[in-house]
Amino acid sequence: MRAPGSRGAVSAAVIDVLLADPDAADGPLERLREATDGRAAADALLDEDLQLALFLLYEQHYTGMDAASERWEWDSRLIAARRTLERLHESELTARVTIPGTPEAEASAVAETLFALTTPTPGPSLARAVAADATADQLREFLILRSIYTLKEADPHSWGIPRLRGRPKAALVEVQSDEYGGGRPERVHATMFARAMRAAGLDDAYGAYLDAVPAATLASMNTMSMFGLHRRWIGALCGHLAAFEMTSSLPSRMVAKGVRRLGFGDEVAAYFDEHVEADAVHEQVAARDLAGGLAEQQPELVEDILFGAAACLLVDGLAAEHARLAWAEDRSALRDATVGV
Amino acid sequence: MPEAGWRGDGPGEIIVCPNGPLLVRGDVDLVDADGAPVERRRATVAVCRCGASAIKPWCDGSHKLMPRDEP
C-alpha cells in the first residue's frame, strides 16, 4: 500500500515515523509522542486524523505500507503510540454501544439474541439506495468504500483462530475457509472483489483509494483490527463476525440488483451473488457454533459477544449512513470527489 | 458425555436451524427430484426451508422477512 496523505498532526507523524529508519527515528518518534500525548477527540469514530493514524498503525500487522520497514510492526515505541490512540477509539465505542439484555450462556439463546439484534429493518438503507436509484458513479463510490475491508476480507477475524478451541474454533475455521475460497484461489472473496473492482473500471491495489475514504469507513476497519489484535477482545471479535454475516445476505441481494440495473455486468454481480448464498450459511454457523459455542465454553464472554455484535452494527451503520446521506444531498460520499471516479 | 456441539461421527449431518434453513455438512448426496446431483459450490450449504428464497434450493436469508413459525 502506498503512503497516503495525512489528515492532521497525528497521522502526519505516524507516516513520518513509518517512512523513517527504525534505528534513526528519534525525531519523528518524538513528534509522534507530542502529537498523541494528551490527544483528545470530540468524536473519535469520525475523527479523520485519529482514524487514519490508527488504520496505518494496524496496517503494519497486515501487509504494511510501501517503504515502511517491517521492523516497525513490533516496535514498542510505535505500539505505545497505538495504545494511546486505541484508548480513544475504544472509549468512544464503549460509550456509544448499547447491548441488549444478556441471554443465558447457552448457544441457542445467544443465537436468538443475535438474530433479534440484527433483524432487518424497513426504511432507507445504503443497500436499498444502491438497488433503487444509485448512479454508476455512486456504485463505484460504494465499491471504493467497501474496498478498505473487502480487499482483505476475513483477515481480521482469522486472528481469532489460535485463541479458540473446540466447537467455536471449528466454526470459525469453517467460515474462514469458505471466505478464502475453500482451497480455490479464484473463489477467495477478496480476489472476487478485486475482480469486481477491475470490471467496474477501478484500481484493485490495496489502499489505492485510501485518501478518498472517510473516517467512518476507517473506523469500521479499525474496530475489526482492534478486536482481532487483542486476545482480551476474542468475545467481541466472534460477536462482530456473527453480526457482520447476519447483516450481509439480504443487503448483498439488493446491491446485486443495483449492479444489474446499472449494467455493470456479471463479474461485479458475482461478488454480491456469492455473498447472498455464502453468508446465509455463515450467519447460522457464526451465530450458533461460533458465538453460541463460545458462550457455552466461557459464559463470562456473553456480554463481550453482544458488545462486538452491537459495535459492528454501530460502526458499519455510521459508515453506511455517511454515504447514504451524502448521496441524498447529491454529494460524493468520498473525501475528494476527483479521486478515482 | 461429549462436549456440547459434538454431533456424532457420521460422514455427514443435516442441522435444522430454528426459524432458518437446513445446514448440510459433510458427505450427504444432494439430488433433485430426478435424482440428478445438485451442484454444491461450498463444503457446507444452507437449504431453504421457508420457500421464499430467490436462489432455491439454497437459503438467501429471506426467512427473516417472513412471519416466524416454530420451530
Side-chain angles (χ1 to χ4, degrees), chain A residues 105-109 111-112 115-116 118-122 165-171 173-175 177-179 181-184 187 189 245-254 256-257 270 272-285 287-290 292-297, chain B residues 1-34 36-71:
Chain A
E106 193 261 320
S108 58
E112 183 78 8
F115 276 111
T118 55
T119 299
T121 47
R165 62 186 170 82
R167 182 185 181 187
K169 188 189 198 88
V173 171
E174 179 173 60
V175 170
S177 172
D178 204 35
E179 295 281 346
R184 295 171 59 188
R187 294 200 59 83
H189 285 180
E245 299 288 354
M246 294 163 102
T247 50
S248 174
S249 281
L250 294 170
S252 292
R253 188 168 102 190
M254 295 183 220
K257 189 177 161 192
F272 296 98
D273 289 343
E274 162 69 6
H275 283 72
V276 173
E277 184 185 316
D279 294 346
V281 180
H282 298 175
E283 68 178 353
Q284 299 296 337
V285 177
R288 300 176 197 291
D289 296 316
L290 175 62
L294 180 62
E296 289 193 2
Q297 283 179 349
Chain B
M1 197 176 128
E3 187 177 347
W6 285 23
R7 293 170 293 245
D9 55 4
E13 61 185 10
I14 298 176
I15 298 157
V16 183
C17 298
N19 295 297
L22 301 174
L23 272 193
V24 180
R25 176 183 286 126
D27 190 7
V28 175
D29 286 339
L30 258 169
V31 296
D32 66 17
D34 300 321
V38 175
E39 191 205 351
R40 271 160 81 159
R41 289 196 303 174
R42 61 196 72 254
T44 298
V45 291
V47 177
C48 174
R49 197 157 72 95
C50 73
S53 174
I55 57 165
K56 284 194 280 284
W58 314 127
C59 170
D60 69 354
S62 288
H63 56 271
K64 295 184 197 179
L65 304 173
M66 299 178 68
R68 290 172 55 127
D69 181 21
E70 301 291 336

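Just so we're on the same page: letters track the sequence lines, and every chain starts at 1.
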Apply the side chain to side chain contact (heavy atoms under 4.5 Å, CB included) test between A:Asp289 and each candidate in A:Lys169, A:Glu296, A:Arg167, A:Gln284; give the one that qualifies.
-> A:Arg167
Among A:Val276, A:Thr118, A:Val281, which has the most heavy-atom pairs under 4.5 Å with chain B?
-> A:Val281
Contact winner vs chain B - A:Met246, A:Arg184, A:Glu274, heavy-atom pairs under 4.5 Å | A:Glu274
Taking the side chain as every heavy atom from C-beta outward, state whether A:Arg253 and B:Ser62 have any pair of such atoms under 4.5 Å apart.
-> yes
Is there a donor-acceptor contact under 3.5 Å linking the side chains of B:Thr44 and A:Glu174?
-> yes
Report yes if some heavy atom in the side chain of B:His63 is under 4.5 Å from a heavy atom in the side chain of B:Pro21; otherwise report no.
-> yes
Structural part of A:Ala278 lying under 4.5 Å from a heavy atom of chain B = both
